[in-house]
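To keep things clear, I will list the structure first and then write my remarks on it.
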There are 2 protein chains.
Amino acid sequence: MPRAPRRKLPSAKPREGTAVHAKGTERVESILDAATDTLIEDGHAGLTLRRVAQRAGLSVGNLQYYFPAKQDVVRALLARYLEVASRRVRSRVEEGGRAPVERLRRALEALLEDQESPRHCQLFAELWALAGRDAMVSDALTVFYAGFRAGIVELLRELAPGLAPSRLERRAALVVAFLEGLSLFRGGGTLRAASVPGLEQELRAVLEEVLEGVPRAGARPRD
Amino acid sequence: MPRAPRRKLPSAKPREGTAVHAKGTERVESILDAATDTLIEDGHAGLTLRRVAQRAGLSVGNLQYYFPAKQDVVRALLARYLEVASRRVRSRVEEGGRAPVERLRRALEALLEDQESPRHCQLFAELWALAGRDAMVSDALTVFYAGFRAGIVELLRELAPGLAPSRLERRAALVVAFLEGLSLFRGGGTLRAASVPGLEQELRAVLEEVLEGVPRAGARPRD
DNA sequence: GAAAATATAGGTCGAATGACCTAGATAATC
DNA sequence: GATTATCTAGGTCATTCGACCTATATTTTC
């Protein structure tokens, strides 16, 4: 943690991750790639402009031409990654046009597959920690999880059309929480070493068990 | 990230978090308190010897009398925190001597209560991120979660005595994963802002639903 | 082809860091 | 009272950091 930013007094460089020419756009992409890798491998504290610049193969000065401050890099990297991840969730949800139960089953299976990536899991672990300290990260994740939930809601709606929208939203939130909890111990999660052999089959078995008896309305709670 | 540690060549201070007199023990405790708070508030990168010393109200030299290196502070603080948290889980599990289902219900309720603490949740978010990069942290968490799981296993065993130990272990792992996932969005979690109103009641409702039909053996999978 | 926009390299600066050290003061214990 | 434990206050050192700046190439655009 180097210094107190004496920030933006005159500032002649209004650029913020946007480029006009093709070459610039390409540069921005490679910068964000490098920044993402660095964030994943070395954490937020290890994400330094110098390291990113070196990894992306350009000078620090050049990097700062596109992203004047570190915060700008993080912001852009986050926006890009979460946007892609969101689209991924949507596409998972829309996958296959079968019966409701089957659709849900396939969507969950696909979401679980995404957790195989250690990169992805480590990134999110990093973001969860950051969210408690950085409002920008917290906001970005809030938007992301709202989209995630919405995708699950769509799936659940088909299964239980009678459920009130607010209750669907809540059930979806529980599903998301479970999935994120699993991402810690499963596949590429940072705690896969703290897991248990055979977790996968058990998870599938429980999923089947729940899905078989799923279209029950449940006792109506005070809304 | 300051410098490459030129580490331990002669080293005349073999102390490592242990004190002889009462005053020293007290000091160590206050150091670990300060270090824990700093880790929670500023993250692993913000955990600097200077900051910890200032917070604990002593000199850096004195801090290093007890903990020669930063790593030693982290190790000790982790051991202490996870030990306390482990005991807490056990006591939660042993709480109340009622019927199996009731015991499980109460234990889960107690575990959920622990998630109300933002400090606790932020610390764990930090540790999950760290675990991917620091084997010491990963190992400590692995031990912790093994204990956590063991506690849940005890509870589940009463409910489903027929289940094989390995399957109990796996079910417990799923419960732990769900709980940790919830800790992100519930109570003091770093993503409480990304949650949904009424999550609590819904969670209780689902819990009840599951607990009611719980002593079913489930289809025997290939073990 | 000239003017303007864009791209890039290299360097400076103040601030902060972890590890280490010295020299001495104060307190507890035997 | 001597021994050990605890503690303070300061400083050194090599290193890293983010922000900032200037000078120069390279492209676009007109």
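In what follows, chains are A, B, ... by sequence order, proteins preceding strands, each numbered from 1.
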Whole-Å distance separating the CD atom of B/Q64 from the P atom of D/dG10: 16 Å

Protein-nucleotide distance (A/L49, atom CG; C/dA15, atom P), rounded to Å: 19 Å

Donor-acceptor pair, side chain of B/R51 and main chain of B/G46, under 3.5 angstrom: yes

Any B/R27 side-chain N or O less than 4.0 Å from OP1/OP2 of D/dA5: no

Residues that B/R90 engages under salt bridge (Lys or Arg N to Asp or Glu O under 4.0 Å), provided they are two or more places apart: B/E154

Distance in angstrom units between A/F67 CZ and D/dA19 C1', rounded: 16 Å

Separation of atom CD in A/Q71 from atom C1' in D/dA19, rounded to whole Å: 14 Å

Touch class at under 4.0 angstrom, heavy-atom based, for B/L47 against every strand present: sugar-phosphate

Per A/L58 side chain, nearest of listed nucleotides C/dA19, C/dA9, D/dG18: C/dA9

Toward the 5' end of DNA chain C, by each residue's nearest nucleotide, B/V60 or A/N62: A/N62

Centroid separation A/F124 to A/F144 less than 6.0 Å: yes

Residue met sooner reading DNA chain C from 5', once A/G57 and A/R50 are mapped to nucleotides: A/G57

N/O donor-acceptor pair under 3.5 Å between A/E202 side chain and B/A172 backbone: no

Length of the CG-P vector between B/L63 and D/dA9, whole Å: 14 Å

Short side-chain N/O contact from A/S59 to OP1 or OP2 of C/dT8, under 4.0 Å: no

Distance test, side-chain N/O of A/R51 to OP1/OP2 of D/dT16, below 4.0 Å: no

OP1 or OP2 of C/dT8 under 4.0 Å from side-chain N/O of A/Y66: yes

Protein-nucleotide distance (A/Q54, atom CD; D/dC17, atom P), rounded to Å: 10 Å

Phosphate OP1/OP2 of C/dA7 contacted by A/Y65 side-chain N/O (<4.0 Å): yes

Stepwise salt bridge (charged side-chain N to carboxylate O under 4.0 Å, His left out) test for A/R204 and A/E200: CA-CA 6 Å; A/R204 263 70 175 190; A/E200 296 303 306; 2.6 Å; yes

Length of the CD1-C1' vector between A/I31 and C/dA7, whole Å: 11 Å

